[in-house]
Amino acid sequence: MKIFIDTANVKEIREAVSLGIIDGVTTNPTLVAKENRQYTELLKEICSFLSGPVSAEVISLNAEGMVSEARQLTKIAKNIVIKIPLIKEGLKAVKILSGEAIKTNVTLCFSATQALLCAKTGADYVSPFIGRLDDISQEGMGLIRDIKQIYANYNFKTQIIVASIRNPLHVLEAAKLGADVATVPFAVIEQLIKHPLTDIGIQRFLEDYKKIPQKQ
Ligand code: G3P
């Protein structure tokens, strides 16, 4: 499973990339607003040290505007992927952008039928938001299971990005289901690494090391 980091914070991205586990980045207006930086400059900096896909979101609500924003954003770097909301105009825009070989990530997906239509437009990625479904007592992972099945039935090439991940169990379930990508916030990446038995084990090894006779 590919792991993307779901943040617009350059320090977090750099640190996660240094771990050797990061395949890409996803941003959205909410994440970017926390950084108090100009969006284009921020994306330029991220793409200067990361060659994997970096998702950047459009804000237009009509296909024409989305396509024009996408064409501008892709000038920033060749690894920019255009994030487009899963609405009627979004589907039209993705179809046009697919024809121009501009990579797309269709976001705010909350149903398997939305994901089916998204794949038909030729989108490169679809982002089902599982945490937000869990928030309203709908099992987010059930959606990933359904999309996986539908895409396998028809051999669709659109990759599933499990998004709106809130905890390590979401990552575990995504991997067990064979999702293509999980986009994970930095805090959850840290939770994935940490295990109390690892820390206790290190402590014991260090204490025992002191008991080993040293060379005179
Ligand atoms: O990738 C989409 C993600 O950023 C949304 O997460 O936690 O705002 O639902 P959240």
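Keep in mind that the numbers below use all heavy atoms, side chains included, and drop hydrogens, waters and symmetry copies. In listed order, ligands and their atoms are each counted from 1.
Within the cation-pi definition used here (under 6.0 Å to the ring centroid, within 45° of the axis), Arg132 does not qualify as a partner of Phe110.
Taking every non-hydrogen atom of Ala163 and a distance limit under 4.0 Å, the qualifying atoms of ligand 1 come out as 1 (O), 2 (C). Below 4.0 Å from some heavy atom of Arg132 lie the following atoms of ligand 1, by number and element: 5 (C), 8 (O), 9 (O), 10 (P).
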| request: Give the C-alpha distance, both sets of side-chain angles, the deciding distance and a yes or no for salt bridge (Lys or Arg N to Asp or Glu O under 4.0 Å) between Glu45 and Arg37. | output: CA-CA 11 Å; Glu45 184 175 351; Arg37 285 187 61 181; 2.8 Å; yes
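In terms of protein heavy-atom proximity, atom 6 (O) of ligand 1 is nearest to Ser164 CA, 3.4 Å. Regarding atom 2 (C) of ligand 1, its nearest protein heavy-atom neighbour is Phe129 CZ, 3.3 Å. Atom 3 (C) of ligand 1 has its closest protein heavy atom at Asp6 OD2, 3.1 Å.
Where the criterion is an N or O separation shorter than 3.5 Å, residue side chain and backbone included, Arg166 meets it with respect to ligand 1. Considering backbone and side-chain N/O atoms, Thr26 never comes within less than 3.5 Å of an N/O atom of ligand 1.
Remark: of the listed residues Thr26, Asn105, Thr107, Asn79, Asn105 is the sole one forming a side chain to side chain donor-acceptor pair (under 3.5 Å) with Ser55.
Within 6.0 Å of atom CG in Asn153, more than 12 heavy atoms from other residues, nucleotides or ligands are found, so the atom counts as buried in its surroundings. At most 12 non-hydrogen atoms from other residues, nucleotides or ligands lie less than 6.0 angstrom from CD1 of Ile59.
The shortest distance between side-chain heavy atoms of Ser127 and Leu108 does not fall below 4.5 Å.
At a 4.0 Å heavy-atom cut-off, ligand 1 does not touch Thr30 at all.
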